[in-house]
Amino acid sequence: MALETESVTRDKLSLADTEIDWARLDKTRFHVIGAVLFTVQQALIHPTAVVKTRMQVADSRLAHMPGMVVFKDILRNDGIPGVFRGFGTSAIGSLPGRVLALTSLEMSKDMMLKYTQGLNMPETTRIGVANGVAGMFSSLISSLYFVPLEVICQRLIVQGLPGATFYIDPFDVARKVIKAEGFRGLYRGFGLTALTNSPAVALWWGAYGAAQRIIWRSLGYRDDSEKKPSHMEMMAVQATAGMVAGACSSVITTPIDTVKTRLQVIDDYGVARPSVLKTTKILLKEDGWWGFYRGFGPRFLNMSLYGTTMIVTYELIKRLSIKHI
């Protein structure tokens with residue numbers, strides 16, 4: 001009987017174990033396990049990113065097709081490699097950026113939780129604010145690395161479309177962009193990314209932190225309660241909170257993402273350097289206001305899947321990286 005009780009206890013976790021702070025992590029294990037699991041997670045959702053990008057920058061024929069039709073069109077013309085175009089560059093290139101993003105996220109979240117500990121605010125609000133500020137800071141810092149990588153990957157993805165430049169490899173993309181526009185060509189859309197993604201990421205992490213806390217409370221869990229969630233309950237709650245946050249984020253950010261993607265990829269706007277205003281005007285002329293939601297279906301699916309798989313993977317990595325004392 002005692003052994004059965006002990007086994008049940010090991011399968012249960014206190015509510016505090018759902019929020020693992022930076023100090024409890026083995027940093028080396030955290031980044032190594034993270035590199036492996038996030039690459040797998042990235043591979044699962046990359047095809048939706050390819051479909052979304054094709055729809056955003058293609059001519060009106062492809063842009064107005066359903067996402068599944070575009071997916072089948074890519075498979076028919078390019079095979080399996082077509083739906084994974086740009087994945088190698090993205091996966092390998094993301095490794096250093098992910099270390100930067102995760103480290104800045106966890107350190108800033110830890111600091112915010114400490115600084116807000118004495119404030120007179122509900123615990124759900126405090127966790128939401130800490131997560132939101134940490135997400136915004138991490139997004140700003142990591143954008144310095146990820147925007148050039150995104151420019152390169154987006155250009156590789158749209159190869160084969162009418163008017164798209166041919167590139168041999170990622171280094172060829174970088175060489176041609178720098179030759180044509182200088183180093184700042186690799187930072188096309190950086191201002192738009194910084195001004196829009198940072199608040200959106202802050203909203204995502206804030207919504208996730210608050211939603212997770214609300215769900216736990218609605219299920220009857222408290223920090224001081226003897227009732228403890230199982231591993232499966234923990235994963236279900238985190239996946240649900242991540243899916244909701246990702247879906248909401250896609251609705252808010254798709255118009256900006258469409259403008260940014262076209263700004264980073266399309267070169268035939270005339271002799272002048274592409275700008276946000278010029279890209280917006282051309283998109284309005286082509287499709288009207290609905291044009292800003294080009295690729296919304298794949299992006300909605302991408303963000304929902306990303307929110308679910310990313311947060312489950314992320315929280316799993318943290319649990320596997322807890323220091324053993």
Side-chain angles (χ1 to χ4, degrees), residues 20-50 52-53 84-112 131-154 156-157 170-171 173-174 186-187 189-190 193-194 197-198 200-205 208-209 238-239 242 245-246 249 253 257 260 264 302-323:
I20 303 167
D21 59 32
W22 183 244
R24 295 172 60 193
L25 296 175
D26 181 318
K27 312 305 186 292
T28 301
R29 192 186 309 155
F30 176 65
H31 289 305
V32 170
I33 296 175
V36 175
L37 294 186
F38 271 128
T39 300
V40 173
Q41 180 255 347
Q42 188 177 355
L44 293 175
I45 64 173
H46 187 78
T48 62
V50 172
K52 181 268 299 182
T53 301
F84 282 96
R85 183 167 284 170
F87 172 70
T89 301
S90 177
I92 296 172
S94 294
L95 294 177
R98 196 171 289 126
V99 172
L100 178 65
L102 293 180
T103 302
S104 58
L105 173 71
E106 285 300 323
M107 290 184 69
S108 53
K109 183 166 65 174
D110 196 41
M111 290 175 60
M112 283 300 300
N131 275 270
V133 172
M136 183 169 63
F137 179 74
S138 175
S139 176
L140 284 170
I141 295 297
S142 60
S143 290
L144 293 169
Y145 179 87
F146 278 114
V147 168
L149 178 65
E150 187 176 29
V151 169
I152 292 171
C153 291
Q154 300 279 27
L156 290 173
I157 286 173
F171 301 103
V173 179
L186 292 174
Y187 278 89
F190 176 78
T193 300
N197 274 20
S198 296
V201 171
L203 174 65
W204 194 99
W205 280 102
Y208 169 72
Q238 290 167 346
S249 180
T253 61
D257 184 69
K260 183 191 72 173
Q264 291 176 334
N302 178 274
M303 292 293 288
S304 299
L305 286 174
Y306 174 81
T308 303
T309 58
M310 185 278 288
I311 206 63
V312 170
T313 303
Y314 180 62
E315 297 289 2
L316 175 62
I317 292 167
K318 290 174 70 175
R319 287 198 295 275
L320 293 175
S321 304
I322 295 176
K323 293 178 181 177

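Here the side chains of W22 and K27 are in contact, with some heavy-atom distance below 4.5 Å. At least one side-chain heavy atom of K318 sits less than 4.5 Å from a side-chain heavy atom of E315. Side-chain atoms of F38 and T313, non-hydrogen and from C-beta on, do get closer than 4.5 Å to each other. Between K109 and N131, some side-chain heavy-atom pair lies under the 4.5 Å cut-off. Counting heavy atoms from C-beta outward, I311 and W205 have side chains that approach closer than 4.5 Å. Side-chain contact between W204 and M310 is present, with heavy atoms from C-beta onward closer than 4.5 Å.
The nearest pair of heavy atoms linking T89 to L149 is O-CD1, 3.7 Å. Nearest heavy atom pair, residue P148 against residue Y187, reads CG-CZ, 3.4 Å.
Between the T39 side chain and the A35 main chain, a donor and an acceptor come within less than 3.5 Å of each other. Using modelled atom types, no side-chain atom of T308 and backbone atom of G242 make a donor-acceptor pair closer than 3.5 Å.
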N/O donor to acceptor pairs below 3.5 angstrom from side-chain atoms of residues 90-98, sequence neighbours left out:
{"residue": "S90", "atom": "OG", "partner": "Q42", "partner atom": "NE2", "Å": "2.5"}
{"residue": "S94", "atom": "OG", "partner": "S90", "partner atom": "O", "Å": "2.4"}
{"residue": "R98", "atom": "NH2", "partner": "Q42", "partner atom": "OE1", "Å": "3.0"}

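Applying the salt bridge (Lys or Arg N to Asp or Glu O under 4.0 Å) rule to K52 yields the partners D257; only residues at least two apart in sequence or on another chain are considered.
Applying the salt bridge (charged side-chain N to carboxylate O under 4.0 Å, His left out) test to pairs two or more places apart or on separate chains, none has a residue in residues 33-46.
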